[in-house]
> 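Below is one structure. I have some questions about it.
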Amino acid sequence: MNKNTFLYRAFDLYYDGFRRMTLGKTLWAVILVKLFIIFAVLKLFFFPNYIKSHAHGDESSFVSEQVLKRAP
């Protein structure tokens, strides 16, 4: 790959920046842990699967019925 192309220079900029990071690695770890908590843990405990519990196997028709009921 030619080292003067935009894609190579952009990749090299980010690669070098992440490689030389000291405090940033810790901050990225905190961000990833927070995202895991938000999407995995909170979904399990606070957002039950409403469609699966009410559709009883025919999820697509249940969703279409609910959408059509609420349409103006």
Side-chain angles (χ1 to χ4, degrees):
M1 183 174 201
N2 188 0
K3 292 186 178 188
N4 291 328
T5 63
F6 174 74
L7 290 176
Y8 180 80
R9 287 186 291 142
F11 172 77
D12 191 45
L13 174 76
Y14 283 103
Y15 180 75
D16 189 42
F18 282 115
R19 190 168 38 113
R20 294 179 187 252
M21 243 193 274
T22 55
L23 177 64
K25 289 181 184 177
T26 306
L27 295 175
W28 274 108
V30 169
I31 290 169
L32 292 176
V33 168
K34 280 183 165 183
L35 286 174
F36 174 77
I37 290 170
I38 289 170
F39 289 111
V41 175
L42 290 179
K43 184 182 180 332
L44 287 175
F45 294 114
F46 295 109
F47 302 110
N49 195 345
Y50 182 80
I51 294 174
K52 194 174 217 173
S53 64
H54 287 84
H56 306 296
D58 197 16
E59 288 87 1
S60 61
S61 65
F62 175 76
V63 171
S64 65
E65 289 173 11
Q66 296 299 315
V67 169
L68 292 175
K69 279 184 191 177
R70 297 177 186 187

> Can you measure from CG (L27) to CG (L23) and round to the nearest 0.5 angstrom?
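The CG atom of L27 sits 4.5 Å away from the CG atom of L23.
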
> Could you give the side-chain donor-acceptor pairs of residues 34-49 under 3.5 Å, partners two or more places apart or in another chain?
{"unit_1": "N49", "atom_1": "OD1", "unit_2": "K52", "atom_2": "N", "d": "3.4"}

> Do you know the tightest heavy-atom contact between S64 and S61?
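The pair with the smallest heavy-atom distance is OG-O, 2.9 Å.
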
> Can you tell me how far apart CG (L7) and CG (D12) are? Round to the nearest 0.5 Å.
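These two atoms lie 12.5 Å from each other.
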
> Taking only residues two or more places apart in sequence or in another chain, which ones pass side chain to side chain contact (heavy atoms under 4.5 Å, CB included) with H54?
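Testing H54 for side chain to side chain contact (heavy atoms under 4.5 Å, CB included), a comparison that skips the adjacent residues, returns Y50, F62.
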
> Checking R19 now: which residues fulfil side chain to side chain contact (heavy atoms under 4.5 Å, CB included) with it, not counting sequence neighbours?
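Testing R19 for side chain to side chain contact (heavy atoms under 4.5 Å, CB included), a comparison that skips the adjacent residues, returns Y15, D16.
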
> Return all side-chain donor-acceptor pairs below 3.5 angstrom for residues 65-72, not counting sequence neighbours, or 'none' if the list is empty.
none

> With S60, which residues qualify under side chain to side chain donor-acceptor pair (under 3.5 Å), at least two apart?
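If we apply the side chain to side chain donor-acceptor pair (under 3.5 Å) test to S60, skipping adjacent residues, there are no hits.
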
> Looking only at heavy atoms, what is the nearest atom pair of N4 and R9, with distance?
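Where N4 meets R9 most closely, the heavy atoms are O-NE, 3.4 Å.
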
> Please list, chain by chain and in numerical order, all residues satisfying side chain to side chain contact (heavy atoms under 4.5 Å, CB included) with Y14, sequence neighbours excluded.
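If we apply the side chain to side chain contact (heavy atoms under 4.5 Å, CB included) test to Y14, skipping adjacent residues, the hits are F18.
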
